[in-house]
Undergrad: 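Here it is, the structure in full.
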Amino acid sequence: MPSEASNPNSSRFVGTIVLRVAEIFLKGANRKVFVKQFSKNARRLIADTGAELEVMYLRFLVHYPEGKKELVLDRLQRLFGLHSMSPAILVEKDIESIATEAMRQAKELPAGSSFKVKTNRRDKQFPLGSMEVSMEVGGRIHTELGLPVEMRKPDYEVQIEIGDTRSFVYTQTIAGPGGLPVATAGRVGLLLSGGIDSPVAGWAAMRRGCVLSAIYFHSFPYTGDKSKEKVLELAKHLAAYQTKLRVHVVHFTEVQKQLREHGPGDLAVLLYRRMMMRTANKIAQAHHMKALVTGENLGQVASQTLENIGVIQDASEMPILRPLITYDKLDIIAKAQEIGTYETSILPYDDCCSLFVPKHPATKARIADLVRAEEGLDVDALAQGLANDAEEIVIKA
Ligand code: ATP
Ligand code: MG
């Protein structure tokens with residue numbers, strides 16, 4: 001049976017972060033799997049900080065040592081499945097210790113802030129009821145610090161939790177990244193270009209529990225070493241959510257040239273994309289990926305039409321997930337900035353689809369036109385060759 005850590009107030013730790021999970025609660029029979037993965041991911045993210053995770057039933061506490069609070073909070077922003085968190089101080093389970101700590105924290109609130117005290121008493125043996133605790137502590141803060149009590153919309157809530165062997169006091173709740181723990185949904189292959197969108201799409205897939213591998217189509221020398229370095233840099237950002245990330249670099253130049261020479265110019269981009277999908281399918285099958293992910297969006301550029309999306313999907317046996325399909329560009333940019341990929345994405349190196357691109361790419365292509373354009377090419381063998389020759393690079397977080 002899980003128990004509380006033997007000495008959570010040990011001198012190694014100066015504070016505790018109370019974690020709250022959201023959707024994990026909805027998981028019924030699968031809950032155990034989710035809790036286990038969530039805990040494993042949390043431990044991995046804080047491993048080098050000296051902090052420790054304690055799990056009691058569905059309560060998660062991270063105890064941190066001196067000077068590590070900000071680092072630990074920052075790491076926990078990569079813990080998918082985390083709804084919110086509160087830096088708290090653990091105190092003995094008596095009203096004096098609780099009130100003293102609540103007063104200390106209330107003193108740190110901005111002058112004149114309104115507040116209310118909220119108490120959650122899980123230990124039903126505790127001599128005071130939760131209302132009594134709130135009134136006692138709230139009364140002292142009000143009298144001694146002169147802060148106004150506001151029950152409906154306080155600036156701050158001073159929260160007290162009375163557990164089985166100890167209590168916590170905290171005033172701050174920070175939003176977590178939400179979603180579901182990485183690795184509860186299976187492995188997917190992210191088509192990662194150097195653009196703004198695909199890293200955000202990868203982040204969104206991880207946020208719903210996927211583990212990423214990346215597939216990048218490189219057209220050396222038309223896209224230079226700088227383009228590849230840029231993609232590997234983006235991969236490093238994404239690896240931070242899952243410790244490591246394998247990037248499959250496909251050397252695309254020769255096949256891209258063949259495709260361009262083979263079909264009508266206005267279909268070139270779609271011919272490249274279908275070949276990318278076929279190749280990605282082969283890599284995915286060989287590496288236990290269950291779906292592909294792209295940064296495609298509806299209408300962001302003229303060629304991103306429903307017709308073209310259908311033409312691209314037609315070349316893939318695997319489902320293609322497009323997490324950003326309905327997002328506005330500005331929202332994607334804001335997310336890229338938030339997760340730290342934006343600055344790298346806007347470096348000015350070309351990606352392979354801006355090469356050999358006609359002035360007026362087809363916007364309403366039909367599958368039959370593409371099938372005709374591919375006649376006489378052994379597309380399957382070409383894709384197999386590209387997949388076989390792909391270079392594998394493992395990026396560590
Ligand atoms: P991004 O910002 O991700 O490059 P984009 O808005 O530039 O996307 P496109 O260039 O049309 O859109 O690409 C759509 C999607 O196709 C990309 O999000 C990515 O998933 C995939 N893709 C494009 N080029 C490459 C490439 N060289 N290697 C791997 N995937 C690619
Ligand atoms: Mg692009």
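Every number for a ligand or one of its atoms is a count from 1 in the order of the listing.
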Undergrad: Please tell me whether T305 and T363 have a donor and an acceptor in their side chains that are separated by less than 3.5 angstrom.
TA: no
Undergrad: Are any of the N/O atoms in V293 less than 3.5 Å from those in ligand 1?
TA: no
Undergrad: Per the side chain to side chain contact (heavy atoms under 4.5 Å, CB included) rule, which among I46, L53, V72 passes with I17?
TA: V72
Undergrad: T294 heavy atoms, cut-off 4.0 Å: which ligand 1 atoms fall inside?
TA: 20 (O)
Undergrad: From the options T16, T173, I174, select the one residue that forms a side chain to side chain contact (heavy atoms under 4.5 Å, CB included) with P87.
TA: I174
Undergrad: Can you tell me if R273 contacts ligand 1 (heavy atom of the residue under 4.0 Å from the ligand)?
TA: yes
Undergrad: For ligand 1, does L190 get within less than 4.0 Å through its side chain, its backbone, both, or neither, judged by non-hydrogen atoms?
TA: neither
Undergrad: How close do N281 and S316 get, counting heavy atoms only, and between which atoms?
TA: ND2-OG, 2.9 Å
Undergrad: Can you measure from CG (L45) to CZ (R75) and round to the nearest 0.5 angstrom?
TA: 7.5 Å
Undergrad: Taking only heavy atoms of Q304 into account, list the atoms of ligand 1 that are under 4.0 Å away from them.
TA: 11 (O), 12 (O)
Undergrad: Under 3.5 Å, N or O to N or O, is F217 touching ligand 1 that way?
TA: yes
Undergrad: Is the ring pair H63/F13 parallel, tilted or perpendicular, if the boundaries are 30 and 60 degrees?
TA: tilted
Undergrad: When only distance counts, is I196 in polar contact with ligand 1, meaning an N/O pair under 3.5 Å?
TA: yes
Undergrad: Are I89 and Q105 packed together at the side-chain level, in the sense that at least one heavy-atom pair is separated by less than 4.5 angstrom?
TA: yes
Undergrad: For S193 and ligand 1, does the shortest N/O to N/O distance drop below 3.5 Å?
TA: yes
Undergrad: Please check: side-chain N/O of T253 versus main-chain N/O of F220, any donor-acceptor pairing under 3.5 Å?
TA: yes
Undergrad: Record the part of V301 in heavy-atom contact with ligand 1 below 4.0 Å; permitted values are side chain, backbone, both and neither.
TA: neither
Undergrad: Just which atoms of ligand 1 are under 4.0 Å from any heavy atom in G195?
TA: 1 (P), 2 (O), 4 (O)
Undergrad: Could you say whether the N/O atoms of G295 and ligand 1 ever approach to under 3.5 Å?
TA: yes
Undergrad: With a cut-off of 4.0 Å, which atoms of ligand 1 are near a heavy atom of M276?
TA: 24 (N), 25 (C), 26 (C), 27 (N), 28 (N), 31 (C)
Undergrad: Looking at ligand 1, does any of its N/O atoms fall within less than 3.5 Å of an N/O of Y216?
TA: no
Undergrad: Checking ring pair (Phe, Tyr, Trp, His ring centres under 6.0 Å) for the pair F60/F38: CA distance, chi angles, key distance, verdict?
TA: CA-CA 10 Å; F60 302 87; F38 181 80; 4.9 Å; yes
